[in-house]
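One structure is given below, represented as structure tokens, and several questions about it will come after.
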Amino acid sequence: MTEFIAALLPGAMFLSLVVALFSGAPVAIMLMGISLVFGIIAVLTGEMRLVQATLIPNRIFSGTIENAVLVAAPMFIFMGIIMEKTRLAEDLLLTLQRLMRVVPGGLALAVVMMGTILAAATGIIGASVVMLTVLALPTMVERGYGKGLAAGTVASAGTLGILIPPSIMLVFMGDLLSVSLGHLFIAALVPGLLLSACYVVYIVVRSALQPGVAPRMAPSTGEDRTGLWLETAKSVVAPLVLIVAVLGSILGGIATPTEASGVGVFAALVLGLLRGRLSWPVLNAAMDSSVKQLGMLFFIFVGATAFSYIFRIVGGEHFIVETARSLPFGDWGLLMAMMGMIFVMGFFFDWIEITLIMLPIFAPVVPLLDLGDHVTSQEMIYWFAILVALNLQTSFLTPPFGFALFYLKGAAGSVISMADVYKGIIPFVLVQLVVLGLCIAFPEIVLWLPEVLTQ
Amino acid sequence: MQSLLIIANVMAFPCRVVAKLLGFTLLVLMAVILYDVIGRRFFSTGSFKLQELEWHLHGAIAVLGFGYAYIHNAHVRIDVFSSNFSDRAKLRIEIFAILAFLIPFMALLAWYGYDFALRSFERGEGSSGGVGLSDRWIIKSAIPIGAVLTIMGGVAVLLRAIVALKRPDLMADPFGGEEAMPAAGTEAAP
Amino acid sequence: RADTLVMQSIYPSTLPLLGDTGVKLTEQVKRLTGGDLEIEFNEPNAIVGGNEMWDAISTGAVDAGWYSPGFAQGIIPSAGIFTAVPFGPDVREYTAWWYYGGGKELWADITAKYNIHTELCTILVPEASGWFAKEINTPADLQGLKMRIFGLGAAVMQKLGVEAQSMPVADTMTGLRLGTIDAAELSFPLIDKQLGMNEYASEYYFPGWHQQTSLITFIINQDAWDGLSDEHQAAIEMACAANVAMTSARGEAEQLQPLADLEAAGANVHKWNDEMMAAFKGAWDEVVAEQTAADPDFKRAWESLSDFRANYAKWAEIGYVQ
Ligand code: NA
Ligand code: NA
């Protein structure tokens, strides 16, 4: 009897989570609650010893606190909120929109641009999604953008950081696969920028065909032209200083990417002061809002670490691993099956779980794949890693449980509903899949730059 | 019912104080990073301890603000279906989630987290080779303390939700209204 | 139904010598017990991160670990002596001390209160001293140098004016390339080659005085160990002993080609000159004096190892062709 219950536990745990999450109570509390309930069941059925539960604090400590890379999260979120509260962000966005007035969807394009730049500074999804959300989402909605388009743009631009180096996910994969991190970073660059370019194409086409979702700015009259240029110069200089401060301190060998986040906060504070918008109440409000956003972000981290731990104990991985081991396909079929599995897993799991579960299983198989002239065997592992990375980036965005969607909704509050987010993200997920397909069909997209640079 | 609201405010108070401190910790973290970066680049000041201090500060910010975020309804919800539920149903779900899930989970985390920090204290845990910071138990204590603060925030929301359910005339929304959220003091900014 | 031990590894299974030998252990044990005892290999961080492994196994939350005791140095300062001793013995001498010179018993005694049983399970050849952006010719060149290095090696380097850095791996790599830091210590040629370290810095220094030998151990919660049958315990002991013999051979054999590849890719291989080695040694003597004064277990372990080495020196001198 207990064996029978044990076999059903992973499926039951997963279904309970789905129901619980849709109850409308906070996501993190539901993750904790389902872990608690199934932890108790697992102890009663002998799947788990009580002492195993004592590991939760260790997991929170090593995954969230003693994780030096995550130091960038509070800093970048704080920086974003300072920019929002001092209205530097709004200025920048509107100026960019004004400059790109001739292009449909100018404001959304500005967001993609900011997301791409931000991606070169950090790889913490939670940080960049929250930051872009507070920066851009309210302005977009205010200016009459479709809520779906606004949410989709912010969420997908905010997840670019995981692909465009530096990226914590690539570090993780490089470590698991024991391959050169530098090589992996370079290989990710072109696909990352391609993805960003494809978002741009999608936004332009959609806004042109359906002007209602991305209202254009009224054309300016002749007389405010000089004023406009002055305003433009002012509001462009501020973010330029910020970009130079953050990226410049990294490339100049002064700060590590993690430390650059602190430099960014400093630059934002100075800019706010220079423009006379940083008063004590504003700073206070920025600190208060940052603390709330960070509480939201890391509460999910805690819930997720509890859930994935208990899910692991009740045997959630076992089924997946067994299926992966028994795939009866040829070389191309195997590659597609691996990609398909990762994609499907992305609906339900975080990238950390997916890489931990799947990569060690796939890693020994990958160099043995024989794709003829398509990809050589020594380049295979890098190509494969980037395909997986692209695929996993998508997993942040896939409804219902893409983490980027949670962070976006959390940071946006009542500005939009989850349904808007779900609807808005679908076209962007399709764009992701197109780019993934392109990288599979044309491996040069991935392999060309590393080859040129290592010559 | 009024007394429940008073207890709720008492419970929320420590969360607010800690949140205020965490806000300033953000500034301190920025200052430490700048000092480390400038010192390393231009003045050859040692930075192993500072780099460890950075993740200590980050860690405190990361785990001590859950209760505060909850009182202000900052936690993510999937409202796709629940937006059609009645207000009373939503309140009942919230009360259940706090009583059955949040408080027991956080109580366990506080209990196990206390043991976790205590072991670290008893073992005199520090950094490897003594080049970094000593006394790991201090930052490890943030986990049980954070759990207790989360329980306090959870109880505050719970009591308000009960009032909202029984006496909607006193308070309609456990997260809304100035009388439910007095003394936040920071909401005035644009 | 087979017994299963859940083992958290500190190294990924794909890492040669450090990680794949842990997988080897699980396979050998399975064969030796006819499938009766399974050890489940878990990739790094899957259950718990490296710095928390000692605590997790001590409480029994995780059964076992594939581990270097050095990661417990924050709790047990003397663990450094049981992982990598600066200017320490080579593989032969170290195993002599561990198995027959009291090392194993001493470690068991030091760790008894943590309720953890240890089996030496892999032994590694010397590491490289590290990757440097510029040539280092005199101790003055170390002044103000920013180097990513940990533990006792870091303590020694700090005595010589190096600013030891604690930063995440990704930041280390990009930092080394961009000049945020000047040096980093990773591993031996086999692994440095695989990680492409030559892409970040060009000056590659030997010998790794800070790590002449490294130990990897199979650690297991004492209650879990006591709960195993005598046959199962024997299977683990035998598999580990065989692993030690095989890795000491394999570690020597597999460095040559990667080293040649690294040189071909532009790495400049150097040996520290006598002046540098003397400076490192002098700084290490200071660190040892401090550590032995601060921690009684460190003192015990250091004295046991030093006494053994003093006696061994005579044998090494007459026994081997110099
Ligand atoms: Na990035
Ligand atoms: Na997902």
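Computed from a predicted model, the values in this text were never measured in an experiment.
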Shortest non-hydrogen separation from A:Thr256 to B:Arg40 and the atoms involved: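 Distance-wise, the nearest heavy atoms are N-NH2, 4.2 Å.
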With only heavy atoms counted, which part of A:Leu269 is less than 4.5 Å from chain B, the side chain, the backbone, both or neither?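 Just its side chain gets close to chain B.
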Which atoms form the tightest heavy-atom contact between A:Gly24 and B:Arg77, and what is the distance?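 Here A:Gly24 and B:Arg77 meet closest at O-NH1, 3.1 Å.
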With only heavy atoms counted, which part of A:Met75 is less than 4.5 Å from chain B, the side chain, the backbone, both or neither?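 Just the side chain, heavy atoms under 4.5 Å.
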Can you see which heavy atom on B:Glu94 is nearest to which on A:Pro26, and at what distance?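 The pair with the smallest heavy-atom distance is OE2-CD, 3.6 Å.
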Identify the heavy atoms of B:Ile93 and A:Ser23 that sit nearest to each other, and give their distance.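 Of all heavy-atom pairs spanning B:Ile93 and A:Ser23, the closest is CD1-O, 3.6 Å.
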Compare all side-chain heavy atoms of B:Gln51 with those of A:Glu259 and state whether any distance is below 4.5 angstrom.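 B:Gln51 reaches A:Glu259 side chain to side chain.
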Reference residue B:Phe66; test side-chain contact (heavy atoms from CB on, under 4.5 Å); the match among A:Val302, A:Ile29, A:Leu294: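 That would be A:Val302.
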Derivation and outcome, side chain to side chain contact (heavy atoms under 4.5 Å, CB included), residues A:Leu283 and B:Leu27: CA-CA 10 Å; A:Leu283 179 60; B:Leu27 288 178; 4.2 Å; yes
Check whether any side-chain N or O of B:His58 sits under 3.5 Å from a backbone N or O of A:Thr64 as a donor-acceptor pair, and report yes or no.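 Here the side-chain-to-backbone pair exists.
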Testing the basics here: between B:Phe101 and A:Gly33, what is the closest heavy-atom pair and its distance to 0.1 Å?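 Between these two residues, the closest heavy atoms are CG-CA, 3.2 Å.
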Under 4.5 Å heavy-atom distance to chain B, tell me which part of A:Ala53 shows up: side chain, backbone, both or neither.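 For A:Ala53, heavy atoms of backbone and side chain both lie under 4.5 Å from chain B.
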Distance (rounded to the nearest 0.5 Å) between A:Asn284 CG and B:Lys20 NZ: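 It is 3.5 Å, given to the nearest 0.5 Å.
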Can you name the one residue among A:Leu55, A:Asn58, A:Thr54 that meets side-chain contact (heavy atoms from CB on, under 4.5 Å) with B:Tyr112?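 One option only clears the test, and that one is A:Thr54.
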Segment of A:Phe406 engaging chain B (4.5 angstrom heavy-atom cut-off):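 Both backbone and side chain.
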Determine, stepwise, if the pair B:Leu108 / A:Ile56 fulfils side chain to side chain contact (heavy atoms under 4.5 Å, CB included). CA-CA 9 Å; B:Leu108 272 181; A:Ile56 304 274; over 6 Å; no
Measuring heavy-atom distances to chain A, does B:Leu102 have an atom under 4.5 Å in its side chain, in its backbone, in both, or in neither?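 For B:Leu102, heavy atoms of backbone and side chain both lie under 4.5 Å from chain A.
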